[in-house]
Amino acid sequence: MAHGYWQVRDQPVNIVIFASGNGSNAEVLVRWAIANPARVKVAGLLTDNPQAGVIQRAGRLQIPVRIVEKPSKSIAIQNPRAWHESAILDAISGWRPDWIFLAGYMRILSVDFLRRFQDPVTHRYRVVNIHPSILPDFPGMDAYRRTFESGVSEGGVTVHLVDEGVDTGPVLAQERFPRLSDDDLASFVTRGQSVEHRLYTDVLARIVENGGVFP
Ligand code: GAR
């Protein structure tokens, strides 16, 4: 009914991944898409960081990459974020993304940007994020380290829709994992990241099984 626009599609759901760093989540999403070509296609990867490890990963997986750096401070631009986002939209428009998956993308997207991906029926944005804590605990940067240093007995991972706030959108999936007595930060993060990889591919699967409709 209301979602008929999606349900009649017989093309794979087209996703674009945004990442700023190592790219382990990007890689598992790409690998899942490669294994399910009738249902989903990773049209490309966008990064703001020319040094990001994800660029090599995408190259190995034969995924097109666009690098769009934020404008240098030496250039006089009134609204650097709007400038950057406009350049990003230009760079990815040919990929015609149905969904954006943020996989360690370390920038906040403006409402103007999000509106480009607004569902006409639900008014939600077709933009998903993975965050390394049980939100609403530990929003923002460096959540594994802050969780670990707080001394709690569990860490966690959240996959959520992106809204206008920072790490505040509707939760699609959450999972806790234990902090073991002999953990250091590195072993804690490694355990968390294996949860991330499973949770993010589960959410991708849910979205594409719905033909691109909100899960
Ligand atoms: C992941 O742990 C992800 O949850 C986190 O960045 C890491 C990227 O790792 N994202 C955030 O903190 C977003 N606020 P990856 O590059 O190996 O996928």
Side-chain angles (χ1 to χ4, degrees), residues 15-34 42 44-61 63 65-70 81 84-85 88 99-110 113-114 125 127-150 152 154-179 183-205 207:
I15 75 166
V16 168
I17 300 173
F18 283 21
S20 303
N22 174 29
S24 69
N25 281 285
E27 176 156 351
V28 293
L29 294 176
V30 170
R31 288 192 182 282
W32 195 88
I34 289 171
V42 178
L45 175 110
L46 182 285
T47 184
D48 58 327
N49 175 9
Q51 315 299 334
V54 71
I55 296 169
Q56 275 71 45
R57 290 186 194 255
R60 284 197 294 272
L61 294 161
I63 298 296
V65 176
R66 301 274 187 280
I67 303 169
V68 181
E69 288 184 77
K70 66 175 188 180
R81 185 162 73 165
H84 189 220
E85 289 184 346
I88 289 173
W99 283 80
I100 304 282
F101 275 66
L102 307 181
Y105 185 66
M106 296 305 180
R107 298 195 170 277
I108 307 298
L109 296 169
S110 72
F113 182 94
L114 293 172
Y125 308 118
V127 181
V128 195
N129 183 41
I130 187 158
H131 184 79
S133 75
I134 298 289
L135 291 170
D137 294 343
F138 304 107
M141 299 288 285
D142 232 357
Y144 277 139
R145 186 185 54 73
R146 289 184 292 121
T147 305
F148 187 78
E149 289 176 357
S150 77
V152 290
E154 286 180 320
V157 175
T158 301
V159 178
H160 65 97
L161 293 175
V162 175
D163 69 3
E164 295 80 358
V166 176
D167 299 328
T168 51
V171 170
L172 300 177
Q174 271 185 327
E175 190 172 313
R176 294 175 191 275
F177 63 90
R179 174 192 170 139
D183 266 345
D184 57 14
L185 178 59
S187 60
F188 181 75
V189 171
T190 300
R191 191 171 311 110
Q193 283 228 303
S194 70
V195 173
E196 291 188 40
H197 299 158
R198 184 165 34 73
L199 216 58
Y200 221 7
T201 45
D202 285 354
V203 168
L204 175 59
I207 289 174

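Counting starts at 1 for both ligands and their atoms, in listed order. Note that these values count all heavy atoms, side chains included, but never hydrogens, waters or copies made by symmetry.
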- If you measure from each heavy atom of M106 to ligand 1, is any distance below 4.0 Å? yes
task: May I ask you to check if ligand 1 and N25 share an N or O to N or O distance below 3.5 Å?
output: yes
### Task
Would you indicate whether R198, at its atom CZ, is surrounded by more than 12 heavy atoms from other residues, nucleotides or ligands within a distance under 6.0 Å?
yes
Within 4.0 Å of some non-hydrogen atom of Y144, the atoms of ligand 1 are 2 (O)
Exactly one candidate in H131, E196, Q174 meets side-chain hydrogen bond (donor to acceptor under 3.5 Å, both in side chains) with T158; the answer is Q174
Of all protein heavy atoms, the one nearest atom 3 (C) of ligand 1 is E196 OE1, 3.3 Å
The option among H131, Q193, M141 carrying the non-hydrogen atom nearest to atom 9 (O) of ligand 1 is Q193
*Do D48 and S20 meet the criterion of a side-chain donor-acceptor pair at a distance under 3.5 Å?*
yes
- Item | Exam field: side chain R179 to backbone T147, donor-acceptor pair closer than 3.5 Å | no
The protein heavy atom nearest to atom 8 (C) of ligand 1 is G104 CA, 3.7 Å
For N22, the ligand 1 atoms with a heavy-atom partner under 4.0 Å come out as 16 (O), 17 (O)
Quiz item: Would you call G23 a ligand 1 contact, heavy-atom distance under 4.0 Å?
Solution: yes
heavy-atom search around atom 12 (O) of ligand 1 in the protein gives P132 CD, 3.4 Å
Exactly one candidate in T201, L199, I130 meets side-chain contact (heavy atoms from CB on, under 4.5 Å) with N25; the answer is I130
Note: heavy atom closest to atom 10 (N) of ligand 1, options I130, V28, L29, belongs to I130
At under 4.0 Å between heavy atoms, what of Y105 touches ligand 1? The answer is neither
For R57, the salt bridge (charged side-chain N to carboxylate O under 4.0 Å, His left out) test, sequence neighbours excluded, returns E27
Numbered in order shown, the ligand 1 atoms found under 4.0 Å of a heavy atom of S24 are 15 (P), 16 (O), 17 (O), 18 (O)
Closest non-hydrogen atoms of D184 and F148, given as atom of the first, atom of the second and distance, are C-CZ, 3.5 Å
Notebook entry, point to check: Taking C-beta and beyond as the side chain, do S150 and F138 meet within less than 4.5 Å on heavy atoms?
Noted result: yes
